[in-house]
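Take a look at the structure set out below.
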Amino acid sequence: MPTPATGDIRPYRLYPLFADLRGRTVLVVGGGAVARRKVEALLEAGARVVVGAPRLDPALAEWAAQRRIEHCAGEFVPEWLDEAWLAIAATDDAAANHAIADAAERRYVWVNVVDDVELSRFQVPARVERGPLQIAISSGGGAPMLARLIRERLEAQFDESYGALAQLLTRHRERIRARWPAQDGHDLAERRRGFARLLAGPLQSLLRKRQHIAAEHAFDKLLGADAAQETAAATLGSVALVGAGPGDPGLLTLRALRLLNEADVILHDRLVDPGILQLARRDAERIEVGKRAGDGTQHHHATQERIHALLIEHARAGRRVVRLKGGDPFVFGRGGEELEALRDAGVPFEVVPGITAATACAAYAGIPLTHRGVAQSLRLVTAQCQSSLDALDWAALAQARETLAVYMGVAMLDTLQARLLAHGRAADTPFALIENGSRPDQRVVTGPLSQLAERAQAHGARAPALLVVGEVAAFADRLHWYGAPPLDMPRPALEAAA
Ligand code: SAH
């Protein structure tokens, strides 16, 4: 048959297959690193592996000594295929690979020739493994790089709880079958619905929290209940309190990304970057619950109460709620208060830490927060209003060789400066004020503490900004690497024009 003009495109697709190799013989020809990787996967599948090669690499030789594999020493002979169900040719000799493929074909033995799509009768897909759960990806051999790329994406998307879930369901397979006996099409639909209810429940979130016993109990409850009770049990949603980091979506954690992919509802602060919200599941409902700077305390309180009520309401409606907060939810994020409200309401929750403004801004401004011989400790403080400033231990804050990371301080810079100086911090202590850290519009203003308020004002510094005070702040002038270099001197001409 003439080959199609389009080149390599095959008019057919490979047939996917998961093979039970337990106790079955597989021949691997080749004794090097490639063969070793193939042997490893085959052993995991429980195969009886025979390796044919003149010599074995040290790991294979050790396995042979331990009788985990059998070794046929020498060059390939067709008799090696006698007991094999499958064969893998992993030699670096093209002629030998050809001979193996031909001999296997004649004996109806499925053969894979590593990196040779034409000679291979079966291919080994790229895989994502989570316990007994396997996701296999194949491009038919035509675009292995694409298959690999997709594998990487799936790796990021599915966490280990899928493996634990697959294990739990496998363990209880008989009970699940008995619960929804499926003799005909009608019952099968019933089983499918029951199963969907089972999976909608809290099982996976419990497994993710490594609460295996609680997951077993939840399973028993879901399985034992009748349809109405089941629905009730499955209806309790959960809340994940997730740190979104300082703004750059690349600074999200893998877990945060996964939860955003699974969320039904996202309650986010105003500070959370739109680029991060874009990564969330398309049809997730997004609710902005942010507080604006300048809101009175009374108002703050009302807003916080409303957030608690919304979280509880959505979770009780059976939704997977992500409460997304800028930075880390436990650093000046009122995360603890929200969890207390959830606990009181009996709503299950989990917490995903985020990169907090102090570490993110310092990193993006080239400021090591601690540095040998320069700063041995770090303090995170908030300077939101006069009362929070009054509550601080100024004598302690004014100590040399300690780094201060001040959150929410832009409106209070002159007070901060005056009090630190009054309590003895040196006038030439460097500061760095990092506005919109890690974002495209990041700006860094540096200078000596004695000029903090003046310089910030000259540059029109605005929230969100993080202030670093301490000897380490001087590093910003030398180690800056992101965005524009620090603005150390006010530019009167520009400011006057603005
Ligand atoms: N939970 C957050 C802090 C919330 S308080 C965290 O862990 O980062 C809000 C303050 O955080 C802002 O006033 C500012 O001081 C700081 N902040 C948050 N994101 C910032 C950013 N991208 N750049 C500079 N400061 C930021």
Side-chain angles (χ1 to χ4, degrees), residues 200-202 204-206 208-209 211 214 218 231-247 252-253 255-274 276-277 280-281 283-357 380 382 384-385 387-388 391 407-408 463-464:
Q204 195 161 4
S205 125
L206 288 169
R208 196 161 40 223
K209 293 191 267 186
Q211 292 173 355
T231 319
T235 319
L236 189 58
S238 61
V239 175
L241 181 61
V242 177
L252 272 180
T253 61
R255 176 149 296 172
L257 184 63
R258 286 168 177 158
L259 286 163
L260 285 173
N261 272 317
E262 291 172 3
D264 298 313
V265 185
I266 299 165
L267 273 81
H268 64 91
D269 285 348
R270 202 170 50 90
L271 208 58
V272 172
D273 198 89
I276 288 173
L277 291 169
R281 214 179 107 200
D283 45 359
E285 186 185 346
R286 292 154 168 80
I287 305 174
E288 186 187 304
V289 292
K291 293 160 285 214
R292 274 154 218 287
D295 281 356
T297 351
Q298 210 43 44
H299 192 163
H300 258 165
H301 182 70
T303 319
Q304 196 61 42
E305 293 286 297
R306 202 184 122 249
I307 293 171
H308 297 170
L310 275 172
L311 287 172
I312 293 165
E313 177 192 319
H314 283 290
R316 286 204 174 137
R319 306 201 177 100
R320 282 162 300 186
V321 183
V322 166
R323 170 71 177 110
L324 193 61
K325 287 175 164 290
D328 182 278
F330 279 179
V331 178
F332 306 126
R334 305 190 76 164
E337 291 167 50
E338 295 181 13
L339 294 193
E340 285 184 319
L342 293 173
R343 185 212 49 201
D344 291 347
V347 172
F349 57 78
E350 63 189 284
V351 185
V352 182
I355 297 185
T356 189
L380 307 184
T382 170
Q384 193 181 7
C385 53
S387 61
S388 59
Y407 290 69
M408 298 180 270

Rounded to the nearest 0.5 Å, how far does CG of D269 lie from CD1 of I307?
6.5 Å
Inter-residue atom distance L310.CG - E338.CD, 0.5 Å rounding
10.5 Å
Of all heavy-atom pairs between G243 and A256, which one has the smallest distance, and what is that distance?
O-CB, 4.2 Å
Please walk me through it: do H314 and I287 pass side-chain contact (heavy atoms from CB on, under 4.5 Å)?
CA-CA 11 Å; H314 283 290; I287 305 174; 3.5 Å; yes
Scanning both residues in full, the closest heavy-atom pair of A240 with L259 reads CB-CD1, 3.9 Å
A357: what forms a side-chain contact (heavy atoms from CB on, under 4.5 Å) with it, not counting sequence neighbours?
C361, Y407, L466
Inter-residue atom distance F332.CZ - L380.CG, 0.5 Å rounding
6.0 Å
Can you give me the closest heavy-atom contact between A263 and R281, atom names plus distance?
O-NH1, 2.9 Å
For residues G326 and V272, report the shortest heavy-atom separation together with the two atoms involved.
N-CG2, 3.8 Å
Contacts of L271 meeting side-chain contact (heavy atoms from CB on, under 4.5 Å) (sequence neighbours excluded), chain-then-number -> R439, P464
At their closest point, which heavy atom of S238 faces which heavy atom of A315, and how far apart are they?
N-CB, 4.3 Å
Side chain to side chain donor-acceptor pair (under 3.5 Å) with E285: which residues, sequence neighbours excluded?
none
Please enumerate all residues that pass salt bridge (charged side-chain N to carboxylate O under 4.0 Å, His left out) together with R320, with sequence neighbours excluded.
D264
Which residues share a salt bridge (charged side-chain N to carboxylate O under 4.0 Å, His left out) with E337, sequence neighbours left out
R334
Rounding to 0.5 Å, atoms NZ (K325) and CZ (F330) come to a distance of 10.0 Å
Calculate, to the nearest 0.5 Å, the distance between atoms CG and CZ belonging to L267 and R286 respectively.
12.0 Å
As a quick check of understanding, evaluate side-chain contact (heavy atoms from CB on, under 4.5 Å) for I312 and L342, giving each step before the final call.
CA-CA 7 Å; I312 293 165; L342 293 173; 4.0 Å; yes
For R255, run the side-chain contact (heavy atoms from CB on, under 4.5 Å) check against V352, V242, L260 and tell me which one passes.
V352
Can you list every pair that meets salt bridge (Lys or Arg N to Asp or Glu O under 4.0 Å) and has a residue in residues 341-357, with sequence neighbours left out?
R208-E350
Closest heavy-atom pair, R323 versus V289, reported as atoms and distance to 0.1 Å, is NH1-CG2, 3.6 Å
Does any non-hydrogen side-chain atom of K209 lie less than 4.5 Å from one of P348?
yes
With rounding to the nearest 0.5 Å, note down the distance linking CD1 in I266 to CD in E288.
13.0 Å
Check the pair L339, V351 against side-chain contact (heavy atoms from CB on, under 4.5 Å), reporting the backbone distance first and the verdict last.
CA-CA 9 Å; L339 294 193; V351 185; 3.5 Å; yes
